[in-house]
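Written below as structure tokens is the structure these notes are about.
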Amino acid sequence: MFKNSLNTPSNYDFYTIIASFTAIIILTALFIPLINNFSWLTTGIFAAVALLILLALLQAPLSYKLTPEGLYINFLIKKQFIPYNDIEEVKKAKPHKGSFTYSTQGVFGYLGKTQDGTISFSTHLKNNILIKTKNKNYLISPKNINYFYDKIKIYKCN
């Protein structure tokens, strides 16, 4: 039944890439004054921006993996596991930019919570899969969305 697990990378869209590079450029620009002026203010600003970028980077999903037990969302330093028994519904979703309330809005992905409480591990603004579980809802964006959607539906039914 489950010969292989399916591992697919995240689908980073153009806006995510631009926002991420912009954040890195801003961080670099803030670092330049530190070379000439080691004031507490510039050091504090640099540290705050670096911490925000690091937190966003650590929350960015690198890949999604379907196994016989469930779905793994792989991050840089951790994994989020969603067992098939908890999944109540899987559907394709197309969120719009206004639906994100607490998110990074494109810096390393659209990560955070939406207005309805869905936890977004999305890296693409349009191509997403909504996974509704007993306790939480998740929004993900695998690279080959149609293939991944078909496979998760099959794995869920077995």
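Every value quoted in this text rests on a predicted model; they were computed, and no experiment measured them.
Residues Ile131 and Ile140 are in side-chain contact: their nearest non-hydrogen atoms beyond the backbone lie under 4.5 Å apart. Looking at heavy atoms from C-beta onward, Leu139 lies out of side-chain contact with Ile129 at the 4.5 angstrom threshold. Asn127 has its side chain out of reach of Ser141: every pair of non-hydrogen atoms, C-beta onward, lies at least 4.5 Å apart. Looking at heavy atoms from C-beta onward, Leu62 lies out of side-chain contact with Ile73 at the 4.5 angstrom threshold.
A ring-centre distance under 6.0 Å is found for Phe75 and Phe121.
Phe81 and Tyr64 sit in two unconnected hydrophobic clusters of ILVMFWY residues. Membership requires side-chain heavy atoms under 4.5 Å apart, directly or through other members.
Every residue was checked against the ring pair (Phe, Tyr, Trp, His ring centres under 6.0 Å) condition with Tyr138, not counting sequence neighbours, and none meets it. Residues passing the side-chain hydrogen bond (donor to acceptor under 3.5 Å, both in side chains) test with Asn85: none are found, sequence neighbours excluded. A search for side-chain hydrogen bond (donor to acceptor under 3.5 Å, both in side chains) contacts involving Asn146 returns Lys92, not counting sequence neighbours.
Judged by a 6.0 Å distance limit and a 45° cone about the ring axis, Lys151 is not positioned over the six-membered ring of Phe148. Stacking of Lys79 on the aromatic ring of Tyr72 is recorded, both the 6.0 Å distance cut-off and the 45° axial limit being met.
Glu88 approaches Thr133 most closely through the heavy-atom pair OE1-O, 3.7 Å. Taking each heavy atom of Lys153 and Val90 in turn, the nearest pair found is NZ-O, 3.7 Å. In terms of heavy atoms, Asn137 sits closest to Lys132 at OD1-CA, 3.3 Å.
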**From CA spacing to verdict: side chain to side chain contact (heavy atoms under 4.5 Å, CB included), Leu71, Lys65** = CA-CA 6 Å; Leu71 168 68; Lys65 184 175 185 177; 5.9 Å; no

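Checking side-chain atoms of Tyr84 against main-chain N and O of Thr67 turns up a donor-acceptor pair under 3.5 Å.
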